[in-house]
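One-based numbering, in listed order, for ligands and for the atoms of each.
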Amino acid sequence: MTASTPPARNPFYITTPIYYVNDRPHIGHCYTTTVADAAARFQRLLGRDVFFLTGTDEHGQKVEKSAAAKGVPPQALADENAAQFRAAMDAIGASYDDFIRTTQPRHKRQVQAAFERLVQSGDIELGTFEGWYDEGQEEYVTENQAREKNYTAFNGQPLKRASETNYYFRLDKYQARLEKFYDQHPDFVKPAARFNEVRARFRDGLQKVPVSRTNFSWGIPVPDHLPGGPGHVIYVWIDALLNYATALGKIDPVIAASCGVPAAERAKYWPADVHLIGKEILWFHAVIWPAVLMALGFQDAQLPRCIYAHSFFISEGKKMSKTLGNFIDLPTLTAYADRYSLDAVRWYLLTQGPLNETDADFSYAKFVEVYNADLANTFSNSCNRVGNMIEKYFAGAIPAPGAPDDSKLLVSDSVTLDARTVAADALRAAHAHLDRHEFDAALMQGQKLVTLVDQHINATEPFKLAKRIDEPGVRGQIAGILYRCAELLRVASLLLHPALPEKTAQLWRYWNLDILKDRNNPRSGFAAPLADLAAFRGRFAFKTGHAITKGDPLFMRADPKLPPPSAATSPTA
Ligand code: MSP
C-alpha cells in the first residue's frame with residue numbers, strides 16, 4: 001500500500017463549503033451539496049458510518065456591509081439567510097448530519113482556542129504588511145498574481161493597495177512540509193489538473209497570511225489578552241476553515257462538549273475523507289487548511305484525505321453573474337422540481353454537473369432531453385413495463401426465475417450476457433468509482449443496468465411471447481425473462497438511490513421491497529449493506545410469488561414544447 005491509498009475505515013466524513021450568508025442560495029450551492037449528499041448516501045448504502053456536514057459562513061466584512069446596506073444588525077441578516085440556506089439544503093433533499101453556523105458558540109469558542117494556541121506556538125505572530133487586496137474575496141494576492149490579473153479583483157473591481165498591522169499566520173514555515181505531503185499524497189487534490197495549478201503557485205514561495213482584521217468588527221474577536229490587544233477580529237477564512245474541525249469537537253473537545261457537541265462520539269470521523277468545494281476556493285483548502293492543521297499539531301495521517309474541487313455551473317451558455325441577473329436561484333430550481341420532481345433536478349445536477357475540470361451548462365432544453373432520455377424513457381419506462389407484464393401475465397406475483405443457474409441475459413441477436421455477472425460488475429465498478437470520487441460515473445452503473453433490462457426486453461419480446469403463453473414452455477420462458485428484468489431493476493434501483501432517493505423508495509413501495517429499515521422513512525437506514533442487498537438472486541432477491549404492484553410511472557414523459565418552468569409561475573415560489 002502506498003501513502004496515497006489510506007487504509008479503508010468504516011467512518012466516512014464528507015463536507016461542503018459553508019456558504020456565505022450575504023448571498024441567496026442558488027444552483028452553485030445546491031450543486032455542491034447535492035453531490036456531497038449523493039456521496040454520503042452511497043457510503044451509507046455501502047454500510048459506512050457517515051457524517052455529512054454543511055452550514056453557513058457568517059462573519060466578515062461582506063456580511064457586515066450587506067447588513068449595513070439593509071439597515072439591520074449583521075446577526076439578524078445572518079440568522080435570516082442561514083435559515084434560507086438550511087431550507088435550500090432541505091429543499092434539495094440533503095441528508096446532512098449537522099448544519100454548522102460560524103456564529104454559534106461551539107464554533108466561536110473553539111476558533112478562539114485554536115488562534116490562541118497558534119499564537120503560543122509562534123505560528124501566528126504580529127506584524128505589518130503591505131500588499132494588493134481583493135476586497136470581494138477578502139484576500140491579499142501576490143505581486144505576480146496582481147500583475148497577471150491586471151490589478152483587477154475577482155469581482156471586476158480594481159485591486160486595492162492596503163497595509164495593516166495584524167496577526168500573521170506563518171504559512172511560509174510550512175512550504176517544505178506541504179510539498180512533501182503533496183508528493184506522498186498524489187490524490188490529495190482532485191481532479192489532478194487542479195492539483196497542478198495549486199502546486200504551480202508554490203513557485204512564488206508561500207507568504208505569511210494576515211489572519212486578523214481591525215478595520216471592521218463583524219468577526220470572532222481575537223482574545224484581548226493576546227499581545228496585539230483588543231480590537232482584532234479573526235480573518236474570516238481561518239474562522240471558516242476551522243468549521244470542519246469544530247463541528248466534530250476536534251479543536252477543543254472540552255469546550256465543544258460544554259457547548260453541546262458530542263465530541264467523544266464524533267472524534268472517530270476525523271479526518272475528512274473529502275472536502276467537496278468549488279474551484280475558486282481551492283487554495284484555501286489545499287494549502288492554508290492543511291498548513292493550519294499542521295501548525296495545530298496534526299500529523300500527516302490526520303490531515304484531510306482529499307480536497308475535491310469541481311468547476312462551475314453556467315446558465316443557458318452564459319456565466320452566471322449578479323449583473324446579468326441570470327443566476328439559477330432556488331425558486332427556479334424549485335419550479336423545476338415542482339414540474340419534474342426533485343429527483344429529476346438532482347439527476348440533472350449529478351449527471352450533467354461540472355464535476356471535472358470543465359464548467360457545465362444548465363439549460364432548459366438539455367434538462368428536458370436528459371429527463372426524457374434517462375428518467376422517463378429508460379428508468380421509469382422499464383420499471384413500468386416490467387411491473388405491467390408481471391401484473392398482466394402473473395397476476396402481480398413475481399414468477400419463477402427458472403433453474404438456479406439460469407441468468408442468461410440476451411441483449412441482442414448476437415450478445416448474451418450473464419445477469420448475475422453484470423450486476424456484480426456494476427456494483428464493483430460503482431465502488432471503484434466512488435473510491436476515486438467519480439460520483440457521476442458510479443450512478444451511471446445503475447443506469448447501465450436499466451439499459452440492459454431494456455435491451456433484454458427488446459431482444460426477447462416477452463409481450464409477443466405472451467400471445468402463445470399457453471403453449472408448452474412459453475410461460476416458463478416469459479417467467480424467466482421477467483424475473484431477470486425485475487431482479488436487475490431491483491439492483492439498479494439501489495445504485496440509483498443516492499441520486500433518486502424519493503423515486504427509488506417509491507418503487508420499493510410498489511414492489512414491496514424491504515430495503516429500508518422502515519419503508520416509509522428513507523432516513524431509517526438500510527436493511528443490510530449494499531453488497532448483500534444488491535446480489536443478483538442473493539439473500540434479498542425477489543422470491544417467487546412475491547406480490548408487487550405496477551404503480552404509477554415514476555417519471556412522466558416531458559413535453560419539450562412547454563415554456564421553461566419559471567419561479568413566477570411556480571406554486572411554491
Ligand atoms: N464561505 C466560503 C466557503 C468557506 S468553506 C470553509 C464561500 N462561500 S460561497 O457562498 O461563496 O460558496 C462558494 C461555493 O458555492 C463554491 O465553492 C461552490 O461549492 C459553490 N458555487 C458557487 N457558485 C457556483 C457555480 N456557479 N457552480 C457550481 N458551484 C458553485 O466561498
Problem - Check: T56 side chain, Y19 main-chain N or O, donor-acceptor pair, under 3.5 Å - result: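 Absent.
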Relative to [atom], which among [options] owns the nearest non-hydrogen atom?
| atom | options | answer |
| --- | --- | --- |
| atom 1 (N) of ligand 1 | T33, T56, I27, D57 | D57 |
| atom 14 (C) of ligand 1 | K319, E280, H26 | E280 |
| atom 5 (S) of ligand 1 | Y19, Y244, F284, F327 | Y244 |

Practice task
May I ask you to say whether R101 pairs ionically with D57, meaning some side-chain N is under 4.0 Å from a carboxylate O?
Solution key: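 Judged by the 4.0 Å cut-off on N to carboxylate O distance, R101 and D57 do not form a salt bridge.
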Exercise for the section: In plain terms, say whether D361 and K319 are close enough for a salt bridge, that is, a side-chain N and a carboxylate O under 4.0 Å apart. Expected result: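 Judged by the 4.0 Å cut-off on N to carboxylate O distance, D361 and K319 do not form a salt bridge.
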Practice task
Go through ligand 1 atom by atom and flag the ones less than 4.0 Å from a non-hydrogen atom of A240.
Solution key: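 That gives atoms 6 (C) of ligand 1.
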Exercise for the section: Give the atoms of ligand 1, by number and element, whose distance to some non-hydrogen atom of S311 is under 4.0 Å. Expected result: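 Every atom of ligand 1 under 4.0 Å from some heavy atom of S311: 28 (C).
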Handout entry: Test applied, ring pair (Phe, Tyr, Trp, His ring centres under 6.0 Å); reference residue, F362; option that passes from F327, F312, Y336
Key =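 Only one option passes, and that is Y336.
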When you compare ligand 1 with [X], is there at least one nitrogen or oxygen pair between them that comes in under 3.5 angstrom?
| X | result |
| --- | --- |
| T32 | yes |
| F313 | yes |
| G278 | yes |
| I281 | no |

Looking at ligand 1, does [X] have a heavy atom less than 4.0 Å from it?
| X | value |
| --- | --- |
| W289 | no |
| G353 | no |
| H310 | yes |

With a cut-off of 3.5 Å and sequence neighbours excluded, list every side-chain donor-acceptor pair involving residues 286-301.
| residue | atom | partner | partner atom | Å |
| --- | --- | --- | --- | --- |
| W289 | NE1 | H275 | NE2 | 3.1 |
| D300 | OD1 | R177 | NE | 3.2 |
| D300 | OD1 | R177 | NH2 | 2.9 |

Exercise for the section: Would you kindly specify which portion of P354 sits under 4.0 Å from ligand 1, judged on non-hydrogen atoms: side chain, backbone, both or neither? Expected result: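 Looking at P354 and ligand 1, no heavy atom falls under 4.0 Å.
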Practice task
Check M320 against ligand 1 and report side chain, backbone, both or neither, counting heavy atoms closer than 4.0 Å.
Solution key: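 For M320, only side-chain atoms sit under 4.0 Å from ligand 1.
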Closest protein heavy atom (residue, atom, distance) for [atom]:
| atom | answer |
| --- | --- |
| atom 15 (O) of ligand 1 | H29 CD2, 3.5 Å |
| atom 24 (C) of ligand 1 | G28 CA, 3.4 Å |
| atom 3 (C) of ligand 1 | I18 O, 3.2 Å |
| atom 7 (C) of ligand 1 | Y20 CE1, 3.4 Å |

Handout entry: Heavy atoms of other groups near K366 NZ, more than 12 under 6.0 Å
Key =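 Counting neighbours around NZ of K366, more than 12 heavy atoms of other residues, nucleotides or ligands fall under 6.0 Å, so yes.
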Only pairs under 3.5 Å count here: list side-chain donor-acceptor contacts from residues 156-163, not counting sequence neighbours, and write none if there are none.
| residue | atom | partner | partner atom | Å |
| --- | --- | --- | --- | --- |
| K160 | NZ | E135 | OE1 | 3.2 |
| R161 | NE | E130 | OE2 | 3.3 |

Problem - Geometric cation-pi criterion, K208 with F169: 6.0 Å, 45° - result: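 No - K208 does not lie over the ring of F169 by the 6.0 Å and 45° rule.
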Practice task
Evaluate ring pair (Phe, Tyr, Trp, His ring centres under 6.0 Å) for F51 paired with F12, printing each intermediate quantity in order.
Solution key: CA-CA 6 Å; F51 197 80; F12 180 83; over 10 Å; no
Handout entry: K108 vs D239, salt bridge (charged side-chain N to carboxylate O under 4.0 Å, His left out): CA-CA, chis, key distance, verdict
Key = CA-CA 8 Å; K108 290 201 287 195; D239 165 354; over 6 Å; no
Practice task
For the pair Y364 and Y340, name the ring-plane relationship: parallel under 30°, tilted 30 to 60°, perpendicular over 60°.
Solution key: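 Tilted: the ring planes of Y364 and Y340 meet at 30° to 60°.
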